Amino acid sequence: MAKLQPVRGTRDIWGDEARRMEHVIRAFIGVAQRFCYSKISTPVFEFAEVFKRSLGEASDVVSKEMYTFTDRGGEEITLRPEYTAGIARAYISEGMQQFGVSKLYGYGPMFRYERPQKGRYRQFHQLDVEVIGAADAGADIEIIALGQQLLEDLGLAGKVELHLNSLGDMDSRKAYRAALVAYFSDHKDKLSDDSKIRLDKNPLRILDSKDRGDRALLGDAPKLSDHMNTASADFIGAVKAGLDALDIAYLQDDHLVRGLDYYCHTAFEFITTELGAQGTVIGGGRYDGLIEQLGGPPTPGVGWAAGIERLAMLLDETPPQVRPIAMVPLGNEAEARALAIAHDLRLRGLAVDTAFRGNIKKRLQRANRINARVAVILGDDELAKGVASLRDLDSGNQREVALDDLVEKLADELAPEN
RNA sequence: GCGGGCGUAGCUCAACUGGUUAGAGCGCCGGAUUGUGAUUCCGGAGGUUGGGGGUUCAAGUCCCCUCGCUCGCCCCA
């Protein structure tokens, strides 16, 4: 640590960036509530076992990206690298199966030990929705629709494309995997080094390789659709029909895959081209095997996670803040008076800023900087007359208003626009 | 974890092939205007050129290490 700085891949979030992220979160809460999802907060750390069991020992996240440490009690603890595993654990811990279908939303920080890039941090923030206990394609359709509405509310729908694929059920997937391994094994000499490793570990991943040589092989590679059983084909068919009915456009993307074993059927990502290699802004899918793998009853689930930073970066502009009333008292008596007036105005629901120090010039400068609509100037002259000077900061017009009427008047005049 | 690029004031950037006291705009602070912002004018503060080491008479500039950012790979949100 050469000088005082945040640790690599973390940063202080304030000013415009904080406002953008807050805007994203507010929009998300609004949409989630419209869809009648319930808030769930799970701990930012869990027993390491929770993630190892749900993500798999061999996954990249577990093998090289987790922040894991031993606490004073000797427990192996991990800062959550994603939301779903913790929610699945909570579902089991809290016995949520008694409630039937659980529709949950949450948001907060995640931690992954990765090389940082734009839109990729070691501490980052995600939005998350999950539907647990519903095997019906309707759940898949609904969460995709939820994501679409979030993007529309944020004004980002035009910058993002929905990519959609099906991984099929376990049987289909197994059959396809075998076919893929057979095909790529025949061409192993032409595969990239990365893909040679994938061939053992995670052959589906070869499909979304960015290596040119790999891509050249994809044309003749077996397609999942040829290995999908009827049930699987019907399922993705139902999802697509549902999206069509809602006018949600999507791109069939045969190369969109998921590495982890418990994923099945629907896989989707909302992708933008504006963030370089970190273009996935919302990613999700169905994970019918997860809860069982964690030790719970066989329970279907589907969900997605969104990167708050990535969404915030895509916003065209920083959302405007409420324009406040600025209190500008001069002198001790006025200061006390202003405090009481500010209190009353805030009780009426108005935004009021107080500066605590500075002469009239300083305070008006501050009022201007925070984009206040009106300044309430209160000095000896005003106090003597029992009035306040109201200065309209857009027009520069100034008038006197009796202190007795002040709160009422401001509430009347400003409330609608606040 | 692998490979490339970049670190100069709070921010955006300048400083010819190494050459004297590292500059500008914006922002900030003060004044013109001791009770009036946003405009205008004047003045000011602010830098161990990310950090450490080396080469040289001389390093912001060249070399090495390190920290951070950034682009790509891996992976993902």
Side-chain angles (χ1 to χ4, degrees), chain A residues 1-11 15-16 24 55 59-66 81-84 107-128 147 160 192-195 197-198 201-202 205 208-212 214 256-260 269-272 275-284 303-314 326 328-331 334 355 358-383 389-398:
Chain A
M1 189 174 65
K3 74 183 187 196
L4 226 41
Q5 61 187 19
V7 329
R8 179 174 220 193
T10 70
R11 70 225 189 285
D16 278 6
V24 169
L55 299 173
S59 67
D60 273 56
V61 171
V62 171
S63 60
K64 62 177 202 193
E65 294 174 1
M66 294 206 311
E82 55 124 40
Y83 222 114
T84 309
Y107 55 90
M110 305 293 152
F111 305 85
R112 284 183 205 168
Y113 193 90
E114 296 185 280
R115 181 94 169 242
Q117 280 179 44
K118 190 215 286 276
R120 187 168 88 180
Y121 308 99
R122 289 186 170 181
Q123 177 180 336
F124 61 107
H125 299 80
Q126 284 188 334
L127 312 170
D128 191 276
V160 169
S192 66
D193 290 344
D194 281 330
S195 285
I197 296 167
R198 291 185 181 113
K201 224 171 91 179
N202 200 344
R205 277 270 165 229
D208 69 350
S209 170
K210 286 169 190 163
D211 182 86
R212 257 199 203 159
D214 292 349
L256 177 63
V257 297
R258 290 278 108 99
L260 310 177
E269 293 182 9
F270 286 90
I271 300 176
T272 176
L275 294 176
Q278 283 71 241
T280 299
V281 121
I282 297 178
W304 56 247
I308 297 177
E309 285 88 348
R310 291 183 185 178
L311 289 169
M313 278 188 288
L314 285 180
V328 183
L330 309 163
N359 58 24
I360 186 168
K361 182 176 178 140
K362 289 266 161 275
R363 300 213 194 197
L364 283 172
Q365 276 174 352
R366 177 189 169 90
N368 192 60
R369 197 168 59 234
I370 65 175
N371 197 27
R373 290 180 54 201
V374 58
V376 176
I377 300 168
L378 209 54
D380 292 339
D381 296 354
E382 283 85 359
L383 285 179
S389 295
L390 280 194
R391 185 175 181 82
D392 182 317
L393 293 170
D394 291 334
S395 65
N397 295 334
Q398 195 163 314

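Per chain, numbering begins at 1; letters A, B, ... match sequence-line order. No hydrogens, no waters, no symmetry mates; every other heavy atom, side chains included, goes into these values. These numbers come from a predicted model, not from an experiment.
For A:Glu382 against B:G35, a side-chain N or O and a base N or O form a donor-acceptor pair under 3.5 Å. For a distance-only test at 3.5 Å, the side chain of A:Arg366 fails to qualify as a donor-acceptor partner of the base of B:G37.
In this structure, A:Asp380 reaches the bases: a heavy-atom distance under 4.0 Å links it to at least one base atom across the strands shown. Residue contacts shown for A:Arg310 include a base, since a base heavy atom lies under 4.0 Å away.
Atom C1' of B:G4 sits at a distance of 16 Å from the matching atom of B:C74, rounded to the whole Å. Comparing the P positions of B:C63 and B:G23 gives an interatomic distance of 25 Å, to the nearest angstrom. A distance of about 13 Å separates the C1' atoms of B:G60 and B:G19, rounded to the whole Å. Comparing the P positions of B:G37 and B:G30 gives a spacing of 13 Å, expressed to the nearest Å. The same atom, C1', is picked in B:C28 and in B:U70; the two are 29 Å apart, to the nearest Å. Taking the C1' atom of each, B:C26 and B:A9 are spaced 12 Å apart, rounded to whole Å. Atom P of B:C71 sits at a distance of 24 Å from the matching atom of B:A15, rounded to the whole Å.
Put simply, the side chain of A:Gln278 gets close to the backbone of A:Lys118: a donor and an acceptor are under 3.5 Å apart. Side chain of A:Asn397 to main chain of A:Asp392: no donor-acceptor pair is present (N/O by atom type, distance under 3.5 Å, no hydrogens or angles). In this structure a side-chain-to-backbone donor-acceptor pair under 3.5 Å is missing from A:Arg112 to A:Lys64.
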Throw together a table of side-chain donor-acceptor distances under 3.5 angstrom for residues 303-314 of chain A, partners on residues two or more places apart or in other chains.
{"unit_1": "A:Trp304", "atom_1": "NE1", "unit_2": "A:Ile143", "atom_2": "O", "d": "2.8"}
{"unit_1": "A:Glu309", "atom_1": "OE1", "unit_2": "A:His125", "atom_2": "N", "d": "3.0"}
{"unit_1": "A:Glu309", "atom_1": "OE2", "unit_2": "A:Arg11", "atom_2": "NH2", "d": "3.4"}
{"unit_1": "A:Glu309", "atom_1": "OE2", "unit_2": "A:His125", "atom_2": "N", "d": "3.3"}
{"unit_1": "A:Glu309", "atom_1": "OE2", "unit_2": "A:His125", "atom_2": "ND1", "d": "2.7"}
{"unit_1": "A:Arg310", "atom_1": "NE", "unit_2": "A:Gly119", "atom_2": "O", "d": "2.7"}
{"unit_1": "A:Arg310", "atom_1": "NH1", "unit_2": "A:Thr280", "atom_2": "O", "d": "2.8"}
{"unit_1": "A:Arg310", "atom_1": "NH2", "unit_2": "A:Gly119", "atom_2": "O", "d": "3.1"}

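Base pairing of B:A15 is not made with any nucleotide, judged by Watson-Crick or G-U wobble geometry with both donor-acceptor distances under 3.5 Å. Both distances falling under 3.5 Å, in either a Watson-Crick or a G-U wobble arrangement, place B:C69 opposite B:G5.
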> If the sugar-phosphate is the primed atoms plus P, OP1 and OP2 and the base is the rest, what is the B/S/- string for nucleotides 43-49 of chain B, using protein heavy atoms under 4.0 Å?
Replying inline: -------
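The nucleotide whose nearest atom lies closest to any side-chain atom of A:Gln117 is, among B:G37, B:G72, B:A77, B:G72. When distances are taken from the side chain of A:Glu114 to each of B:A77, B:C28, B:C67, the shortest belongs to B:A77. Comparing B:A77, B:G1, B:C67 by their nearest atom to the side chain of A:Arg115 picks out B:G1.
Not one side-chain nitrogen or oxygen of A:Arg8 sits closer than 4.0 Å to the OP1 or OP2 atom of B:C67.
Spacing between atom CE of A:Met66 and atom C1' of B:C76 amounts to 15 Å, rounded to whole angstrom units.
Side-chain atoms of A:Asp380 and A:Leu330, non-hydrogen and from C-beta on, never get closer than 4.5 Å to each other.
A:Glu382 and A:Ser389 form a side-chain donor-acceptor contact under 3.5 Å, judged by distance and modelled atom types alone.
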